[in-house]
Amino acid sequence: MKRFGLSANERIKSRNDFELVYTSGEVLFSSSNRLKAAILIRNENEEAVLKTAFAVSRKCGNAVWRNRVKRLLRESFRLNKESLKAEVDSKRKFLLVVLSPNTINQKKNKKIILKDIMNDVIDLLNQIRAKL
RNA sequence: GAUUCAUGUUGGGCAGUUGCCCCGCUUACCAGCGGGGAGGAAAGUCCGAACUCCGCAGAACAAAGUGCCGGGUAACUCCCGGGGUGCCGAUUUAUUCGGUACACGGAAAGUGCCACAGAAAAAACACAGCCCCGAGUUUAUCGAGGGGCAACGGUGAAAAGGCAGGGUAAAAGCCUACCGCUCCGGAAGUAAUUCCGGUGGUCUCGAAAGAGAUCCCGACUUUGUCGGGACAGGGCAAACCCCACUUGGUGCAAGGUCAAGCAGAAGGUUUCCGCAGGGUUCGCCCUCGGACAGGGUUGUUCGCCCUGAGCGCCUUCGGGUAGACCGCUUGAUUGCAGCAGUAAUGCUGUGACGAGAUAAAUAACUGCCGUCCCGAUUUUUUUCGGGAAACAGAAUUCGGCUUAUAGACAUGAAUCAUCA
RNA sequence: UGCCCCGUAGUGUAAUUGGCAACACGUCUGACUCUGGAUCAGAAGACUUCAGGUUCGACCCCUGACGGGGCAG
């Protein structure tokens, strides 16, 4: 397994998993309120599972902007997921995460770069780790 | 030379690290190596097709669309060429040239509408008015009444061909010349269309269309033939409509293959014993007793209690959900050259092809170079620091149209400045 | 991917054979009141989303953009 990779079986791909997260999960907000994360935690599981997805609503901006935000979210998650992964592996949790933008949109943040996203992602990951 | 606008082309490059998607190979479920990975609009979804399934003997109607003519094309609400009309500019004084815009069939098939104003808004019930006759009487520049007329007046977006002359009681295409319109004939052109010539009367038959006779005019093959308007009824069809032409519906989540789970159907299995009792359609069923199996009862054994069902299990079948795969990218493709054509485009030769995802990849960061801007330094060149780089993301595939686009380059127009 | 609807004062709605853009709330000014509210009187506020076209004349008809909303699988 690559250290900073994010391959297909680490991502949420089925519709059932999404409905699980949105119906029975809970929602966390970053400290600056710019991002939000919907998560689902289950304790008893044979093997540790950590799956992620990145969702951006159509109301935030056009297709180019939405794709860019998703790529930046994925990039910052990919670079900072190591400690969360170790926690999940040691405690044998089942964890689903969906990261989304909360207050940022294309009108306010036309040009968006990685530094704008990274700190909020790290903050959200720390919150999730505290919940485990 | 600068700025602005319009049109067209282009839409930064190289290297490294960390990642993602597809293909191939090595491996064996973890990886490694190699190759490839957004656009001119991928957008809007406004048209046209390919392809798919469904429907369909044929015809007609309905509905929708198109609408000067010819060509191109697989097809088109597209493109090219030509014509007409309007506007602008130049030339010039009645034409020619250039640019530009145009949904540009039919208003004489019918229906409808044209507010306000105006007498009247469509084959005029004529307001003010003009002219003639004129009872009457106050004899006048009066006038009941009857008749003729539509020139002139104001309104309006639009008022029933224009102008001039004749004509008349006053008038009128009532007549004439020119123009315009319509129609007819001839010529040019594939056609739209253009050019040239002509565009009178009387009588008879007929509902009309039209036919015939005669006079006149013109032409010619010259005594015969041919041709010869009704000056009418404005606009709107992006109002209904008429005419001509076109169109079956559906859309890759089309459609097809495999197929968990759940539900369904069919079949099999569905404990054994009793000279016990009863019933029987002779397959079997019910009751009782015993064994056997499973469960419960307290931790174990015995004992006791419950159960032995059409339940469960197994096999097969059809349809088919989740899911997987195919459709899925080489095609009405495109660069260059030649030929045909005014052009759109076509043909031939030769070369190229390098996305195929499906909660949806094509990215992030760093450095250097190139472009532009700002600041410092410098006579300038240079150097240093900071900043900017658009519109926008494939989703079955093509042909168009429309819209969005920083900077650079090219062409054209306008304005300003400088020089000659 | 395909399809449908809407756009009018600050806000919510009217206005159709095509003929003066209307109403309510809100805003402003004045009156009443010690002040405010309520009430009364009056006023302002629209290039009818934008750009073209048809027409004498367009919120209305046509074409193209832009924005918003919705539906189906």
Side-chain angles (χ1 to χ4, degrees):
Chain A
M1 186 72 76
K2 293 180 190 170
R3 188 179 171 201
F4 293 115
L6 193 66
S7 60
N9 52 10
E10 291 179 83
R11 298 200 297 258
I12 304 177
K13 307 210 84 156
S14 74
R15 186 174 187 81
N16 292 334
D17 287 346
F18 274 97
E19 296 201 345
L20 264 179
V21 171
Y22 284 128
T23 55
S24 52
E26 57 181 318
V27 181
L28 303 176
F29 295 93
S30 67
S31 56
S32 65
N33 220 14
R34 297 160 92 176
L35 302 182
K36 63 183 177 183
I39 63 168
L40 177 81
I41 303 173
R42 278 197 189 154
N43 287 320
E44 291 86 18
N45 219 46
E46 284 86 21
E47 52 183 300
V49 172
L50 171 60
K51 283 192 171 186
T52 323
F54 309 92
V56 184
S57 163
R58 276 180 68 186
K59 292 178 183 172
C60 294
N62 63 10
V64 174
W65 192 88
R66 297 200 306 268
N67 272 331
R68 180 166 176 84
V69 169
K70 281 201 281 190
R71 284 165 183 156
L72 292 174
L73 283 173
R74 187 165 58 228
E75 186 77 8
S76 45
F77 180 83
R78 180 171 74 76
L79 295 174
N80 295 289
K81 68 168 185 173
E82 203 171 1
S83 59
L84 186 68
K85 177 80 177 160
E87 195 93 3
V88 168
D89 281 342
S90 65
K91 294 191 179 175
R92 291 211 175 163
K93 298 275 187 177
F94 175 84
L95 176 60
L96 298 180
V97 181
V98 178
L99 285 171
S100 296
N102 189 30
T103 59
I104 56 175
N105 56 34
Q106 193 178 11
K107 281 186 181 173
K108 297 181 197 162
N109 314 69
K110 180 103 191 282
K111 296 228 167 268
I112 188 163
I113 58 172
L114 188 65
K115 290 173 192 162
D116 301 334
I117 296 286
M118 184 84 91
N119 289 329
D120 289 69
V121 172
I122 292 174
D123 178 52
L124 276 175
L125 292 188
N126 288 333
Q127 287 188 40
I128 294 169
R129 203 144 50 109
K131 288 255 177 194
L132 288 174

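Source: prediction; values computed, not measured.
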Integer-rounded Å distance: [N] [atom2] and [X] [atom1]:
X	N	atom1	atom2	value
K13(A)	A322(B)	NZ	C1'	17 Å
F77(A)	A364(B)	CZ	P	19 Å
F54(A)	G19(B)	CZ	C1'	12 Å
W65(A)	C391(B)	CH2	C1'	18 Å

Partner nucleotide, any strand, of [N] [Watson-Crick/G-U, under 3.5 Å]:
N	result
C368(B)	G13(B)
U358(B)	none
G55(B)	none
A392(B)	none
U350(B)	G335(B)
G24(B)	C33(B)

Is there any protein nitrogen or oxygen under 3.5 Å from a nitrogen or oxygen in nucleotides 66-73 of chain C, and what are the pairs?
none

Is the shortest side-chain N to carboxylate O distance from E82(A) to K85(A) below 4.0 Å? no

Non-hydrogen side-chain atoms of L99(A) and L35(A) separated by less than 4.5 Å: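 A side-chain contact is absent here, since even the closest heavy-atom pair is not under 4.5 Å.
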
Using a 4.5 Å cut-off on heavy atoms from C-beta on, say whether the side chain of M118(A) contacts that of N80(A). yes

Under a 4.0 Å heavy-atom criterion, the protein footprint on nucleotides 37-42 of chain B, written with B, S and -, is -B----

So does [X] get a side-chain nitrogen or oxygen closer than 4.0 Å to the phosphate oxygens (OP1/OP2) of [N]?
X	N	value
R74(A)	A359(B)	no
R78(A)	C20(B)	no
R11(A)	A360(B)	yes

Whole-angstrom distance between [N] and [M], as gauged at atom [atom1]:
N	M	atom1	result
C163(B)	A177(B)	C1'	11 Å
C68(B)	A103(B)	P	10 Å
C353(B)	U333(B)	C1'	9 Å
G162(B)	A119(B)	C1'	25 Å
A232(B)	G161(B)	P	5 Å
G35(B)	U17(B)	P	14 Å
G81(B)	A101(B)	P	13 Å

Distances for protein N or O near nucleotides 385-389 of chain B N or O, under 3.5 Å:
none

Are L79(A) and F77(A) connected, step by step, through hydrophobic side chains (Ile, Leu, Val, Met, Phe, Trp, Tyr) whose heavy atoms are closer than 4.5 Å?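 Hydrophobic grouping puts L79(A) with F77(A).
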
Contacts of type salt bridge (Lys or Arg N to Asp or Glu O under 4.0 Å), residue K131(A), not counting sequence neighbours: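 Applying salt bridge (Lys or Arg N to Asp or Glu O under 4.0 Å) to K131(A) gives E26(A).
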
For L84(A), side-chain contact (heavy atoms from CB on, under 4.5 Å) partners two or more places apart: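 side-chain contact (heavy atoms from CB on, under 4.5 Å) list for L84(A), sorted by chain: L50(A), L95(A), L125(A), I128(A), R129(A), L132(A).
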
If you assign K115(A) and N62(A) each to the RNA chain B nucleotide with the nearest heavy atom, which residue ends up on the more 5' nucleotide? K115(A)

Quick one: on RNA chain B, does A63(A) or Y22(A) contact a more 5' nucleotide (nearest heavy atom)? Y22(A)

Closest approach of S31(A) to D123(A) (non-hydrogen atoms, all atoms of both residues):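 Smallest interatomic distance, heavy atoms only, reads N-OD2, 2.8 Å.
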
I need the minimum non-hydrogen distance between K51(A) and I12(A), along with the two atoms involved.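 K51(A) and I12(A) have their closest heavy atoms at CB-CG1, 3.7 Å.
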
Pairs counted only when both distances fall under 3.5 Å, Watson-Crick or G-U: show me the 5' to 3' dot-bracket for RNA chain C, [ ] for pseudoknotted crossings and | for other-strand partners. (((((((..((((.....[..)))).(((((.......))))).....(((((..]....)))))))))))).

